[in-house]
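The block underneath contains the structure these notes are about, expressed in C-alpha coordinates.
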Amino acid sequence: MKLIVRLNGGIGNQMFQYAAARALAQRNSVPLLIDTTQCERGGRRFGLNVFNISSKTAYPHGLRRAAFRIACSPKPAVRLVSRATRKALGFELIKESSRYQVDSPVRDMQIRRTVCLQGYWQAPGYFRGA
(Lines give C-alpha, C1' and ligand atoms only; values in the text may rest on other atoms or scores of the structure.)
Protein backbone atom coordinates (compact mmCIF):
# COMPACT_ATOMS: atom_id res chain seq x y z
CA MET A 1 0.00 0.00 0.00
CA LYS A 2 1.18 3.46 -0.88
CA LEU A 3 -0.11 6.79 -2.15
CA ILE A 4 1.08 8.33 -5.40
CA VAL A 5 0.33 11.95 -6.29
CA ARG A 6 0.54 13.13 -9.89
CA LEU A 7 2.08 16.60 -9.91
CA ASN A 8 1.38 19.10 -12.65
CA GLY A 9 1.17 22.84 -13.20
CA GLY A 10 3.37 25.46 -11.59
CA ILE A 11 4.92 25.40 -8.17
CA GLY A 12 1.73 26.69 -6.50
CA ASN A 13 -0.35 23.85 -7.93
CA GLN A 14 2.35 21.36 -7.02
CA MET A 15 2.36 22.64 -3.43
CA PHE A 16 -1.41 22.06 -3.10
CA GLN A 17 -1.14 18.61 -4.66
CA TYR A 18 1.73 17.61 -2.40
CA ALA A 19 0.11 19.03 0.77
CA ALA A 20 -3.17 17.20 0.20
CA ALA A 21 -1.41 13.94 -0.60
CA ARG A 22 1.05 14.24 2.30
CA ALA A 23 -1.83 14.76 4.75
CA LEU A 24 -3.74 11.76 3.38
CA ALA A 25 -0.62 9.58 3.48
CA GLN A 26 0.09 10.59 7.08
CA ARG A 27 -3.49 9.90 8.19
CA ASN A 28 -3.20 6.42 6.68
CA SER A 29 0.42 5.74 7.68
CA VAL A 30 1.42 4.88 4.12
CA PRO A 31 4.41 6.08 2.09
CA LEU A 32 3.91 8.96 -0.34
CA LEU A 33 5.46 8.81 -3.80
CA ILE A 34 5.39 11.62 -6.34
CA ASP A 35 4.84 11.30 -10.07
CA THR A 36 6.51 14.01 -12.12
CA THR A 37 5.69 12.74 -15.62
CA GLN A 38 3.17 15.55 -16.20
CA CYS A 39 5.79 18.14 -15.19
CA GLU A 40 8.17 16.77 -17.79
CA ARG A 41 5.59 16.84 -20.60
CA GLY A 42 4.13 20.28 -19.96
CA GLY A 43 5.78 23.66 -19.95
CA ARG A 44 6.21 23.61 -16.17
CA ARG A 45 9.00 21.81 -14.39
CA PHE A 46 9.01 20.01 -11.07
CA GLY A 47 9.46 22.79 -8.52
CA LEU A 48 9.20 21.17 -5.11
CA ASN A 49 12.88 20.28 -5.09
CA VAL A 50 13.53 23.70 -3.50
CA PHE A 51 11.76 22.40 -0.36
CA ASN A 52 12.89 19.71 2.02
CA ILE A 53 10.38 17.03 0.99
CA SER A 54 10.96 13.41 1.83
CA SER A 55 8.98 11.72 -0.93
CA LYS A 56 10.53 9.46 -3.52
CA THR A 57 9.63 9.47 -7.20
CA ALA A 58 7.14 6.85 -8.35
CA TYR A 59 8.38 4.85 -11.32
CA PRO A 60 11.45 7.03 -12.04
CA HIS A 61 12.33 5.31 -15.33
CA GLY A 62 11.85 2.31 -17.56
CA LEU A 63 8.94 0.17 -18.61
CA ARG A 64 6.94 0.61 -15.39
CA ARG A 65 7.11 4.40 -15.89
CA ALA A 66 5.72 4.09 -19.42
CA ALA A 67 2.99 1.73 -18.19
CA PHE A 68 2.11 4.17 -15.40
CA ARG A 69 1.67 7.00 -17.93
CA ILE A 70 -0.70 4.82 -19.96
CA ALA A 71 -2.59 3.79 -16.82
CA CYS A 72 -3.27 7.44 -15.97
CA SER A 73 -4.07 8.61 -19.50
CA PRO A 74 -7.27 10.68 -19.78
CA LYS A 75 -7.63 9.91 -23.49
CA PRO A 76 -10.92 8.14 -24.25
CA ALA A 77 -9.27 6.08 -27.01
CA VAL A 78 -7.12 4.24 -24.46
CA ARG A 79 -9.66 3.97 -21.64
CA LEU A 80 -9.82 0.15 -21.70
CA VAL A 81 -6.05 -0.17 -21.95
CA SER A 82 -5.66 2.34 -19.10
CA ARG A 83 -8.01 0.38 -16.87
CA ALA A 84 -6.25 -2.91 -17.65
CA THR A 85 -2.83 -1.33 -17.03
CA ARG A 86 -3.96 0.05 -13.65
CA LYS A 87 -5.14 -3.42 -12.70
CA ALA A 88 -1.82 -4.94 -13.81
CA LEU A 89 0.17 -2.35 -11.83
CA GLY A 90 -2.16 -2.82 -8.87
CA PHE A 91 -3.41 0.70 -8.18
CA GLU A 92 -6.59 2.71 -8.14
CA LEU A 93 -6.75 6.13 -9.84
CA ILE A 94 -8.70 8.79 -7.91
CA LYS A 95 -9.54 11.92 -9.88
CA GLU A 96 -10.58 15.18 -8.28
CA SER A 97 -14.33 15.62 -8.67
CA SER A 98 -14.50 19.41 -8.31
CA ARG A 99 -11.96 22.14 -7.78
CA TYR A 100 -11.84 24.26 -4.64
CA GLN A 101 -14.26 21.98 -2.74
CA VAL A 102 -13.31 19.10 -0.49
CA ASP A 103 -14.38 15.70 -1.71
CA SER A 104 -15.03 14.16 1.72
CA PRO A 105 -14.77 10.52 0.61
CA VAL A 106 -11.27 11.24 -0.72
CA ARG A 107 -10.17 13.25 2.32
CA ASP A 108 -11.45 10.58 4.71
CA MET A 109 -10.52 7.49 2.69
CA GLN A 110 -8.89 4.51 4.28
CA ILE A 111 -6.12 3.40 1.94
CA ARG A 112 -6.18 -0.38 1.59
CA ARG A 113 -4.26 -0.65 -1.68
CA THR A 114 -2.03 1.60 -3.77
CA VAL A 115 -3.88 4.79 -4.71
CA CYS A 116 -2.92 7.47 -7.22
CA LEU A 117 -4.35 10.99 -6.82
CA GLN A 118 -4.84 13.10 -9.93
CA GLY A 119 -6.11 16.65 -9.66
CA TYR A 120 -5.26 20.00 -8.11
CA TRP A 121 -6.66 19.44 -4.59
CA GLN A 122 -6.75 23.18 -3.82
CA ALA A 123 -9.24 23.13 -0.95
CA PRO A 124 -7.43 23.67 2.39
CA GLY A 125 -9.73 21.09 3.98
CA TYR A 126 -7.62 18.36 2.43
CA PHE A 127 -4.59 19.26 4.52
CA ARG A 128 -5.82 21.54 7.31
CA GLY A 129 -4.97 20.11 10.70
CA ALA A 130 -2.71 17.43 9.21
Side-chain angles (χ1 to χ4, degrees):
M1 287 185 297
K2 59 189 166 212
L3 179 64
I4 301 169
V5 61
R6 298 198 81 205
L7 299 177
N8 67 349
I11 192 167
N13 288 328
Q14 292 175 31
M15 289 169 67
F16 274 110
Q17 293 156 357
Y18 180 81
R22 171 58 63 199
L24 183 59
Q26 286 177 337
R27 284 194 295 274
N28 281 273
S29 300
V30 297
L32 174 62
L33 302 175
I34 56 174
D35 168 46
T36 60
T37 56
Q38 293 295 101
C39 298
E40 296 160 6
R41 292 178 47 187
R44 307 282 178 96
R45 296 276 183 218
F46 174 66
L48 299 182
N49 53 349
V50 298
F51 300 107
N52 186 20
I53 63 171
S54 60
S55 300
K56 294 182 181 178
T57 302
Y59 312 114
H61 49 75
L63 188 56
R64 287 184 64 86
R65 181 177 185 83
F68 182 76
R69 288 178 71 173
I70 292 168
C72 296
S73 176
K75 296 177 182 175
V78 296
R79 186 171 290 141
L80 291 175
V81 174
S82 294
R83 192 175 300 137
T85 306
R86 283 194 300 275
K87 187 174 182 177
L89 289 174
F91 76 89
E92 177 184 2
L93 181 65
I94 305 289
K95 295 181 181 180
E96 182 178 33
S97 60
S98 66
R99 280 196 180 172
Y100 310 115
Q101 293 181 352
V102 173
D103 186 350
S104 296
V106 173
R107 181 196 60 213
D108 301 330
M109 80 174 1
Q110 298 297 309
I111 297 177
R112 302 197 191 306
R113 61 185 292 194
T114 298
V115 172
C116 178
L117 294 180
Q118 182 170 303
Y120 290 97
W121 314 105
Q122 293 180 341
Y126 285 117
F127 49 85
R128 186 178 290 138

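Any value given below was found using the heavy atoms of this structure, including those in side chains, with hydrogens, waters and symmetry copies removed. Keep in mind that this is a model prediction, so the values were computed, not measured.
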* Going from CZ on Arg22 to CD1 on Ile53, what distance comes out if it is rounded to the nearest 0.5 angstrom? ->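 The CD1 atom of Ile53 is 8.0 Å from CZ of Arg22, to the nearest 0.5 Å.
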* Asked: Looking at CG of Leu7 and CZ of Arg45, how far apart are the two atoms once the value is rounded to the nearest 0.5 Å?
  ->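 Rounded to the nearest 0.5 Å, the CG-CZ separation comes out at 14.0 Å.
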If I compare all heavy atoms of [X] with all of [Y], which pair ends up nearest, and what's the gap?
X: Val102; Y: Gly125; answer: CG2-CA, 3.6 Å
X: Ala23; Y: Phe127; answer: CB-CA, 3.8 Å
X: Met1; Y: Pro31; answer: O-CD, 3.6 Å
X: Met109; Y: Asn28; answer: O-ND2, 3.2 Å
X: Leu3; Y: Ala21; answer: CD2-O, 3.2 Å

Just distance, no hydrogens or angles: give the donor-acceptor pairs under 3.5 Å from side chains in residues 86-99, sequence neighbours left out.
{"from": "Arg86", "atom 1": "NH1", "to": "Ala71", "atom 2": "O", "distance (Å)": "2.7"}
{"from": "Glu96", "atom 1": "OE1", "to": "Tyr120", "atom 2": "N", "distance (Å)": "2.7"}
{"from": "Glu96", "atom 1": "OE2", "to": "Trp121", "atom 2": "N", "distance (Å)": "3.0"}
{"from": "Ser97", "atom 1": "OG", "to": "Asp103", "atom 2": "OD2", "distance (Å)": "3.2"}

[X] vs [Y] side-chain heavy atoms within contact, under 4.5 Å:
X: Gln122; Y: Asn13; answer: yes
X: Leu117; Y: Ile4; answer: no
X: Phe46; Y: Gln14; answer: yes
X: Arg79; Y: Pro74; answer: no
X: Leu33; Y: Thr57; answer: no
X: Phe51; Y: Tyr18; answer: no
X: Cys72; Y: Ser82; answer: no
X: Phe68; Y: Thr85; answer: no

* Can you list the steps and then say if Asn8 with Gln17 is a side chain to side chain donor-acceptor pair (under 3.5 Å)? -> CA-CA 8 Å; Asn8 67 349; Gln17 293 156 357; 2.7 Å; yes
* Quick one: salt bridge (Lys or Arg N to Asp or Glu O under 4.0 Å) partners of Arg64, sequence neighbours excluded? ->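 Once residues adjacent in sequence are excluded, Arg64 has no partner under the salt bridge (Lys or Arg N to Asp or Glu O under 4.0 Å) criterion.
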* Report yes or no: does Arg27 contribute a side-chain atom to a donor-acceptor pair with the main-chain N or O of Arg107 at less than 3.5 Å? =>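 Yes, Arg27 side chain to Arg107 backbone: donor-acceptor pair under 3.5 Å.
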* **Arg65 versus Thr37, side-chain donor and acceptor atoms under 3.5 Å** =>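 Distance-only check fails for Thr37 and Arg65.
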* To do: Consider only side-chain heavy atoms of I, L, V, M, F, W and Y, link residues closer than 4.5 Å, and tell whether Met15 and Val50 are in one cluster.
  =>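 Yes, Met15 and Val50 fall within the same hydrophobic cluster.
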